[in-house]
Structure formats: structure tokens, C-alpha cells
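Computed from a predicted structure; not experimentally measured.
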Amino acid sequence: SYTGAAYIFIDDATGDNAIIISPGAAGRISIEDVEAKTDLIQSANVFITQLEQPMAAAQRALAIAKAGGTTTILNPAPAAELSDEILALCDYVTPNESEAEGITGIPVETPEDAARAADALIARGVGAAIITLGAQGALYKDTNITVHVPALRAGEVVETTGAGDAFNGGFAVALAEGMSPEDALRFGCATAGISVTRPGTAPAMPTRTEIDALLAEN
């Protein structure tokens with residue numbers, strides 16, 4: 001089976017996108033597949049997953065990571081109903097505006113809305129919530145602090161596809177290196193800020209040198 005494909009439609013005027021996913025082999029990932037990688041998962045500093053594979057596999061993987069002391073991140077994309085059980089396994093959950101609304105029922109358009117949605121996610125058991133807000137950056141909230149980081153502009157926006165993946169990858173790398181959540185948020189925003197200046201998804205991902213340079217400028 002092919003590994004999976006995403007068919008991406010772009011609005012030329014805004015760069016916004018709609019994505020139709022065909023999961024391929026990802027749709028066949030099982031709990032047994034995940035359990036076979038227990039040692040690998042628990043040896044990591046950070047474990048991150050999303051919802052392009054079956055929910056049961058994601059939940060089992062998060063539980064294995066949590067049991068091993070590995071920091072857990074769930075990027076709840078594509079949007080889906082999430083149980084309190086899976087949310088309780090997440091040190092960090094990173095929805096965008098529409099995903100946050102889908103999970104919490106709270107419409108998210110502003111950082112203030114995002115803070116309310118984050119509170120709802122924390123009430124359901126997540127350690128911290130990060131709501132990505134596109135051109136408005138990202139909002140981080142845990143039980144102690146709230147931080148809003150503006151988007152970092154690296155040039156003209158060409159296409160937003162993959163920006164969420166870029167943010168999550170950057171955020172996970174930064175956490176794995178021991179950065180504070182606030183610094184990791186900025187690192188993720190820088191990663192996404194560069195990615196949207198280029199077409200495509202994987203080809204748009206920046207290098208570490210580019211990310212560090214943008215952060216130094218800001």
C-alpha cells in the first residue's frame with residue numbers, strides 16, 4: 001500500500017488551503033505496530049503524533065510514551081472527536097483555530113478566544129494547550145502562564161499548507177533540546193513563518209540555520 005497522500009487546494013487570493021487526505025498505509029497502523037516500537041518511543045525525549053492514523057494507535061502510542069516519561073504532543077489534525085482519555089495523555093495539544101473549535105465547541109478567532117479554548121482543553125486533562133492562529137501567531141496556556149507569540153514574518157506569504165506541520169516540528173525539536181515552552185513556541189512560530197513563504201509542504205520546511213537567523217533578527 002502507498003504511504004498516504006494529501007490532495008491540496010489553494011486559494012490564490014489568500015494562500016489558504018483545503019486538504020483531502022487519503023491515508024494509505026497510515027490508515028492500517030495498529031496498536032500492535034505501536035507496541036512493537038515501545039523501546040523506541042520510550043527512549044525519545046519527545047513523542048509527537050497526529051490523527052492521520054487510527055485513533056486507537058495514536059492513543060496507545062501516547063500512553064506508551066507517557067508511561068516511559070517521554071513528553072507527549074498531539075497535533076489533532078485532521079480534526080476529530082477526542083475523548084478525555086486521550087487528552088489526559090497529552091502534555092501538549094496543538095490545534096489550529098478550527099480544530100480547537102471542533103474539540104471544545106468554542107469559536108476561535110482571536111487570542112482571547114484561544115485562551116478560552118485552551119482553558120477548556122486543560123479542564124479536560126491536557127497539560128498545556130497551544131492554539132495556532134495563522135497570521136496571529138500562536139497562544140500557549142497551561143495552569144500557570146499564558147503566552148501569545150505573534151507570527152514571525154519571513155517574507156511574502158505564498159502558501160499556508162504545511163504551516164501547522166512546520167510549527168509542530170519546530171516546537172517538538174525545541175522542547176527536545178530543553179527550551180522553555182515559551183522559547184519553543186517562538187521557535188515553532190519561526191519555523192512556520194519561513195515555511196509559508198514557499199510553495200509545497202515538505203519542500204517548504206526551513207533549515208535550522210534559517211530558523212536561528214530569523215529568531216536572531218526578531
Side-chain angles (χ1 to χ4, degrees), residues 5-21 45-46 48-50 52 71 73-79 92-101 108-115 117-118 128-142 145-218:
Y7 304 94
I8 301 164
F9 300 86
I10 307 293
D11 181 329
D12 289 337
T14 63
D16 287 345
N17 65 82
I19 305 176
I20 296 170
I21 289 169
N45 290 343
V46 172
I48 183 168
T49 189
Q50 33 63 55
E52 290 175 0
T71 296
I73 304 173
L74 174 64
N75 175 22
Y92 302 93
V93 64
T94 61
N96 65 18
E97 304 104 307
S98 60
E99 291 153 1
E101 179 177 354
V108 176
E109 291 181 5
T110 66
E112 293 73 26
D113 297 337
I130 294 157
I131 318 290
T132 59
L133 297 163
Q136 297 182 82
L139 181 123
Y140 170 92
K141 198 170 197 306
D142 61 24
I145 64 167
T146 304
V147 178
H148 174 233
V149 172
L152 290 177
R153 193 166 170 83
E156 286 300 311
V157 174
V158 171
E159 187 187 311
T160 59
T161 320
D165 295 330
F167 174 85
N168 277 273
F171 180 74
V173 164
L175 281 186
E177 292 183 0
M179 288 187 205
S180 69
E182 185 172 355
D183 287 341
L185 194 67
R186 290 189 74 244
F187 193 93
C189 284
T191 310
I194 298 167
S195 78
V196 299
T197 65
R198 303 167 180 170
T201 49
M205 298 298 153
T207 64
R208 178 59 181 261
T209 307
E210 291 171 320
I211 298 164
D212 288 341
L214 181 61
L215 285 167
E217 286 169 19
N218 288 269

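Annotation for Thr191 and Gly170: closest pair OG1-CA, 3.7 Å, computed over non-hydrogen atoms. Taking both residues in full, the closest heavy atoms of Arg153 and Glu156 are given as NH2-OE2, 3.2 Å, listed atom of the first, atom of the second, then distance. Contact detail for Cys189 and Ala138: the closest heavy-atom pair is SG-CB, 3.9 Å. Minimum interatomic distance between Gly134 and Ala151 (heavy atoms only, all atoms of both residues): O-CB, 3.9 Å. The two residues Ala118 and Ile131 make their nearest non-hydrogen contact at N-CD1, 4.4 Å. Contact detail for Pro199 and Ala204: the closest heavy-atom pair is O-CB, 3.7 Å.
The residue from Ile194, Leu214, Thr197 that alone fulfils the side-chain contact (heavy atoms from CB on, under 4.5 Å) condition with Pro206 is Ile194.
Summarising the geometry, atom CG belonging to Leu152 is positioned 11.0 Å from atom CD1 belonging to Ile211; distances are rounded to the nearest 0.5 Å. The CD atom of Glu109 lies 8.5 Å from the CD atom of Glu101; values are rounded to the nearest 0.5 Å.
For the pair Ile73/Leu175, a side-chain contact is recorded, criterion being any heavy-atom separation below 4.5 Å from C-beta on. Side-chain atoms of Ile145 and Asp142, non-hydrogen and from C-beta on, do get closer than 4.5 Å to each other. Contact check for Ile130 versus Asn168: no side-chain heavy atoms found under the 4.5 Å cut-off. Within the 4.5 Å cutoff, the side chain of Arg208 has heavy atoms near those of the Phe187 side chain. In this structure, the side chains of Pro111 and Gln136 come closer than 4.5 Å at one or more pairs of heavy atoms. No side-chain heavy atom of Thr94 sits under 4.5 Å from any side-chain heavy atom of Leu74.
Applying the side-chain hydrogen bond (donor to acceptor under 3.5 Å, both in side chains) criterion to Thr146, with sequence neighbours excluded, gives no partner residue. Taking the side chain to side chain contact (heavy atoms under 4.5 Å, CB included) definition, one finds that Ala176 meets it with Asn45, Val46, sequence neighbours left out.
At least one donor-acceptor pair closer than 3.5 Å links the side chain of Glu99 to the backbone N or O of Asn96. Asp183 places no side-chain N or O within 3.5 Å of a backbone atom of Met179 that could act as its donor or acceptor partner.
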I'd like a table of donor-acceptor pairs (distance under 3.5 Å, sequence neighbours excluded) in which one partner is a side-chain atom from residues 157-167, with atom names and distances.
residue : atom : partner : partner atom : Å
Glu159  : OE1  : Gly200  : N            : 3.4
Glu159  : OE2  : Thr161  : OG1          : 3.0
Glu159  : OE2  : Gly200  : N            : 3.3
Thr160  : OG1  : Gly15   : O            : 3.0
Thr160  : OG1  : Asn17   : ND2          : 2.8

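Judged purely by distance below 3.5 Å, without hydrogens or angles, the side chains of Asp212 and Thr209 never pair a donor atom with an acceptor atom.
Classification of the Tyr92-Tyr140 ring pair by plane angle, with boundaries at 30° and 60°, yields tilted.
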